[in-house]
Amino acid sequence: MKAAFYTLGCKVNQYETEYMAELLERAGFEIVKPSEEADYYIINSCTVTATADQKTRQNVRKFKRKHPKSVVVLTGCMPQAFPEQANSMQEADIVLSNKSNDCILDLINRYNCDKNRIVDIELHKSGDEFKPCNITRFSERIRAFVKIEDGCDRFCSYCIIPTSRGRVRSKDPKELKKEIKTLGENGIKEIVLVGINLSSYGKGFDYNIVDAVKICAEDKNIMRVRLGSLEPDHITGKIIDELAKIDKFCPQFHISLQSGCNKTLKDMNRHYTAEEYKELCDNLKAAFSDCTLTTDVMVGFNDENEDDFSESKAFVKEIGFQKVHTFPYSERKGTAASRKGDNVPKSVKEKRAAEMIKLTDSMREEYMNSIVGSEVTVLFENAVANGIYQGYTKNYIPVRVECDSDIIGKELSVTLKNYDIANDLLIASL
């Protein structure tokens, strides 16, 4: 039997796809690419925006249309948050929730017994524990995403995530240590710790995100440890000081901003002010001389006027992010913000997004050119062509070099020569 996975969304979803793929492999399935012929097509969905839902529906229909005799499985955040919509997608033969990803094999076996459509969506509830899950490798890469946290307690007014992911819960440090040991023994060199609200790791227990980083750094086979997306109000001075003591820790911080305007932040029910966010960035720059700061910015949120947008844009420029993901507000039914409607016209959102992208692209170009000539250390991950290898610096700058020998998995010193703006990476020499 052959199974193919198509994954939408965040690094947590990518980890969960790897987890489900390993469950099926151990049961004798061959995992193939979604472009290949398969007996099962599993769509692991995202629901963070309406566009994500649209992509989920399109792909469920596409795989069923192209492979009518195959079994189409829908899982992930979309059926978890919107079970009725998921149920209505008749092209999906099996529908389950991300809470039940560990049951995928049982559901496939059930379906094979009687060929009756299965919709099995278990809702999140208060008091849920972190479900055991682990992986042994990561899609033949040397860098692995490792999920250590799930759920969110923040209830930002625009966000459906608490519904699609439940409340904060954390992986037991002992289980994490076992997983890291296995990954290291199987050739993984870099760990990226990920979660839905990663900086909440350990909430309610006597451990936190620093402990997770230390567990990874203590493994002899792991060369680097990196953090996924973070929320700003959980990163204390003590945490920063402790992270700065860990040699293998990579000083790249993706800290969700959403807006640089205090009025908008309050409307979003974010738990910090622009001033507090800036203080955090200043503290990180002071603790890590080579740190990079990246973020997400939303434009066109409810009641955002031109002055609010200008304030947000000025703040983004003031921080001087190395990279910014900009996106327009997308109303999600079931959130607090949806009760107000979506009152910023689409054309205005598009205009503001274009302005923000133009600004942040220029900031990116200026930064990349500013480090040309530097000598940096790169962990090479893959060959993009014959004799051309790509990897990342510790602060997550993509770099390419030419080399006659295989350097995948090696950490080497290189000199940055020029910025390739078309591919958004730096060309270097050994």
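Owing to the predicted nature of the structure, the values given are computational and were not obtained by experimental measurement. Values below: all heavy atoms of this structure, side chains included; hydrogens, waters and symmetry mates excluded.
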List the atom of [X], the atom of [Y], and the distance in Å for their closest heavy-atom pair.
X    : Y    : answer
S164 : A81  : CB-CB, 3.7 Å
C156 : R270 : SG-NH1, 3.2 Å
N13  : L8   : ND2-O, 2.8 Å
C10  : I196 : SG-CD1, 4.5 Å

Around [X], counting heavy atoms of other residues, nucleotides and ligands shown, do more than 12 lie under 6.0 Å from its [atom1]?
X    : atom1 : result
E129 : CD    : no
E366 : CD    : no
R26  : CZ    : yes
F155 : CZ    : yes
K340 : NZ    : yes
Q90  : CD    : yes

Given 3.5 Å as the limit, does a donor-acceptor pair link the side chain of [X] with the main chain of [Y], or not?
X    : Y    : value
Q80  : E122 : yes
T47  : C77  : no
S45  : M78  : yes
N59  : K55  : yes
S199 : E231 : yes

Examine the side chains of [X] and [Y] and answer whether a donor and an acceptor come within less than 3.5 Å of each other.
X    : Y    : result
Y277 : D233 : no
N262 : E311 : no
T75  : N101 : yes
T17  : T7   : yes

[X] bridged to [Y] by N-O distance under 4.0 Å:
X    : Y    : value
K189 : E381 : no
K177 : D219 : no
R332 : D53  : yes
D307 : K263 : no
E275 : K278 : no
K131 : D102 : yes

**Message:** Using the ring pair (Phe, Tyr, Trp, His ring centres under 6.0 Å) criterion, which residues pair with F130? Sequence neighbours excluded.
**Reply:**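 Not a single residue meets the ring pair (Phe, Tyr, Trp, His ring centres under 6.0 Å) criterion with F130.
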
**Asked** Do you know which of Y40, Y41, Y6 makes ring pair (Phe, Tyr, Trp, His ring centres under 6.0 Å) with H67?
**Response** Y41

What residues form a salt bridge (charged side-chain N to carboxylate O under 4.0 Å, His left out) with [X], not counting sequence neighbours?
X    : value
D172 : none
K2   : none
D150 : K147, R165, R169

**Item:** Within residues 234-248 or reaching into it, pairs that qualify as side-chain hydrogen bond (donor to acceptor under 3.5 Å, both in side chains) - sequence neighbours excluded
**Value:** S200-H234, E242-K245

**Partners passing side-chain contact (heavy atoms from CB on, under 4.5 Å) against K66 (at least two apart in sequence or in another chain)** =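 If we apply the side-chain contact (heavy atoms from CB on, under 4.5 Å) test to K66, skipping adjacent residues, the hits are K62.
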
**Prompt:** Does the side chain of K313 reach to within under 4.5 Å of the side chain of F309, using non-hydrogen atoms?
**Reply:**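 Touching, per the 4.5 Å side-chain cut-off.
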
Can you say whether the rings of [X] and [Y] are parallel (under 30°), tilted (30 to 60°) or perpendicular (over 60°)?
X    : Y    : value
F301 : Y158 : perpendicular
Y201 : Y207 : tilted
F327 : H325 : parallel

**Complete:** Of R117, K64, K115, the one forming a side chain to side chain donor-acceptor pair (under 3.5 Å) with D93 is K64

**Item:** Spacing of CD1 belonging to I235 relative to CG belonging to L230, to within rounding of 0.5 Å
**Value:** 4.5 Å

